[in-house]
Novice: 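Structure below; questions to follow.
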Amino acid sequence: MALPNTSVITIERFIIAQERQFPEATGELSNLLYDIALGAKIIAAAVRRAGILEILGSAGAVNVQGEEQQKLDVFANEALKNSMGHTGRVAVMASEEDEELIAISEGTPPGKYAVLFDPLDGSSNIDNNNPVGTIFSVYRRLSMEGNGTLKDVLQPGRNQVAAGYVMYGSSVMLVYSTGQGVHGFTLDPTIGEFVLSHPSLRIPPVGKYYSVNESYFGRWSRAMQRAVRGFHGDFPDRIPAKNSRYIGALVADFHRNLVSGGIFLYPAEQNRPEGKLRLCYEASPLAFIVEQAGGAATDGARRILDLTPTWLHQRTPLVIGSKSDVEFVAAVLAEGDGLPVGNRRSSDRAG
Ligand code: FDP
């Protein structure tokens, strides 16, 4: 039997090595990232049990310890709050699951970071055993003392000092950036550690895939319809045709496109004029990651990282992924709604 490699680079070792490049660093951010990794492991363990709990659920919504089963997104939210709230590294938190700001635990001295998170993104996938994720975003606080305030969390995405996501898929991966490239770690369940598996990720400039919920096609602007027709191969002189992939879980769709090259879109549509995704919890952190990997993210026109949120749960249209693909969408949208949707290929017309 082959023995495991004893020189693996764990996330802790990697974070510490990165920190050493900055002699002025206090280690607080490193520890905060490690707190988040711990929260992710706790969530990962619960996600793995979710399928079986669902099956055993017919015996009643009570687990083996006789405790009432908690919904997984509520559990994930609590796990992250608990992994960060008592450490003295955080001044304030905000979660997609909470209407208001989350104050740090009483008796804990406030730290210098503000953390925002979407604890379980794509949670509707849980029932089908499909991947889900956690997304997080870290800012240095702006307020000077006491507990953090709204001003600390409503910062433009370009101010992030770190961002990342965890994907609970066939394996569990944590991908993060502190502004020095994007690095991916895979949870080795045998040792319970995230180990470096994808150092210095770069997204290809032109992607293989496009990911969008096309059932909304008829509710998009004509310009957006034209852009997506470009991905079908309707404008080969402007953009090569792509393959379609849509899981419907942002982290999983984003991760595939980051690694293999591609573009994810969640445009505005008639029923959701501001799109669906949240600027603070989804768009901004993933925009930080994608830019660090050489890609781009816009709301169709404006760079996501330049948008300053005015409230915690603000939504935004999102176009994110390989740089030239994102630029193609921006160029087509800039042409406006006046042009016809597209030149349908003769093969389409015949049908
Ligand atoms: P979900 O509603 O399952 O939580 O942010 C929410 C999100 O999933 C994203 O993960 C996903 O990309 C998107 O919504 C899917 O929305 P549609 O079902 O409208 O395509």
Side-chain angles (χ1 to χ4, degrees), residues 40 43 46-47 50-51 54 71-77 79-80 94-99 116-137 157 163-169 172-173 175 207 209-221 224-225 227-228 231 244-259 262-290 295 297-300 304 307 309 311-321 326 329:
I43 298 169
V47 168
E54 181 76 14
K71 272 191 75 193
L72 206 55
D73 39 11
V74 178
F75 176 88
N77 199 28
L80 285 173
S95 162
E96 213 214 61
E97 288 286 321
D98 287 278
E99 203 52 38
L116 297 90
F117 48 88
D118 181 355
L120 207 69
D121 187 71
S123 50
S124 51
N125 278 290
I126 279 287
D127 295 344
N128 310 315
N129 218 358
N130 283 335
V132 285
T134 294
I135 308 174
F136 62 89
S137 167
Y165 62 86
V166 186
M167 185 170 80
Y168 312 99
V172 179
M173 275 200 73
V175 176
Y209 300 116
Y210 77 97
S211 314
V212 67
N213 189 338
E214 275 195 91
S215 64
Y216 306 138
F217 191 92
R219 306 207 296 254
W220 297 333
S221 69
M224 183 52 77
Q225 292 177 342
V228 172
F231 300 141
S244 163
R245 291 280 187 282
Y246 190 71
I247 295 170
L250 177 61
V251 167
D253 280 312
F254 176 82
H255 180 73
R256 181 200 47 249
N257 294 346
L258 179 70
V259 172
I263 181 167
F264 173 96
L265 306 97
Y266 206 112
E269 47 106 344
Q270 260 165 34
N271 298 349
R272 290 190 177 111
E274 285 156 8
K276 178 185 184 189
L277 303 179
R278 315 285 176 144
L279 176 58
C280 297
Y281 308 110
E282 295 170 311
S284 268
L286 296 185
F288 185 79
I289 298 275
V290 87
T298 70
D299 65 355
I304 291 289
L307 304 178
W311 74 291
L312 273 179
H313 297 280
Q314 187 169 327
R315 296 177 196 269
T316 178
L318 180 62
V319 179
I320 189 166
V326 173
V329 173

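Residue numbers run from 1 in the order of the sequence given. Computed from a predicted model, the values in this text were never measured in an experiment. Just so you know, ligand 1 is whichever comes first in the structure, and atom 1 is the first atom listed for that ligand.
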Novice: With heavy-atom distances below 4.0 Å as the criterion, list the atoms of ligand 1 near Ala249.
Specialist: 10 (O), 12 (O)

Novice: Mind checking whether Arg278 contacts ligand 1 via backbone (N, CA, C, O), side chain (CB onward), both or neither, at a 4.0 Å heavy-atom cut-off?
Specialist: neither

Novice: So which heavy atom in the protein is nearest atom 11 (C) of ligand 1, and how far is it from that ligand atom?
Specialist: Gly248 O, 3.3 Å

Novice: Which residues satisfy the ring pair (Phe, Tyr, Trp, His ring centres under 6.0 Å) test with Phe254, sequence neighbours excluded?
Specialist: Tyr165

Novice: Which heavy atom of Ala268 sits nearest a heavy atom of Pro273, and at what distance?
Specialist: CB-O, 3.2 Å

Novice: Whether the side chain of Asp121 engages the backbone of Asp118 through a donor-acceptor N/O pair (distance < 3.5 Å, no angle test) should be reported.
Specialist: no

Novice: Suppose I only count heavy atoms of Leu277 and a 4.0 Å limit; which atoms of ligand 1 are within that range?
Specialist: 5 (O)

Novice: Heavy-atom distance under 4.5 Å between the side chains of Tyr168 and Leu120, does that happen here?
Specialist: yes

Novice: Less than 4.5 Å apart, side chain to side chain, heavy atoms only: is that true for Trp220 and Val228?
Specialist: yes

Novice: So, Glu269 and Arg219, do they make that salt bridge, N to O below 4.0 Å?
Specialist: yes

Novice: Given that the side chain starts at C-beta and the backbone is N, CA, C, O, which of these parts of Asp253 lies under 4.0 Å from ligand 1, counting heavy atoms, or is it both or neither?
Specialist: neither

Novice: Can you report which non-hydrogen protein atom sits closest to atom 15 (C) of ligand 1, along with the distance?
Specialist: Tyr246 OH, 3.4 Å

Novice: What is the closest protein heavy atom to atom 7 (C) of ligand 1, and at what distance does it sit?
Specialist: Lys276 NZ, 3.8 Å

Novice: Are Arg315 and Arg272 packed together at the side-chain level, in the sense that at least one heavy-atom pair is separated by less than 4.5 angstrom?
Specialist: no

Novice: Among Val251, Asn213, Asn271, Asp73, which one has a heavy atom closest to atom 17 (P) of ligand 1?
Specialist: Asn213

Novice: What protein heavy atom sits nearest atom 3 (O) of ligand 1, and how far away is it?
Specialist: Ser124 OG, 2.5 Å

Novice: Are any of the N/O atoms in Glu282 less than 3.5 Å from those in ligand 1?
Specialist: yes

Novice: If you measure every N or O of Leu250 against every N or O of ligand 1, does any of those distances drop under 3.5 Å?
Specialist: yes

Novice: Are any non-hydrogen side-chain atoms of Asp299 and Ile304 less than 4.5 angstrom apart?
Specialist: yes

Novice: For atom 10 (O) of ligand 1, what is the closest protein heavy atom, and at what distance to 0.1 Å?
Specialist: Asp121 OD2, 2.7 Å

Novice: Please list, chain by chain and in numerical order, all residues satisfying ring pair (Phe, Tyr, Trp, His ring centres under 6.0 Å) with Tyr246, sequence neighbours excluded.
Specialist: none

Novice: Measure the distance from atom 4 (O) of ligand 1 to every protein heavy atom, then report the residue, atom name and distance (to 0.1 Å) of the closest one.
Specialist: Gly122 N, 3.2 Å

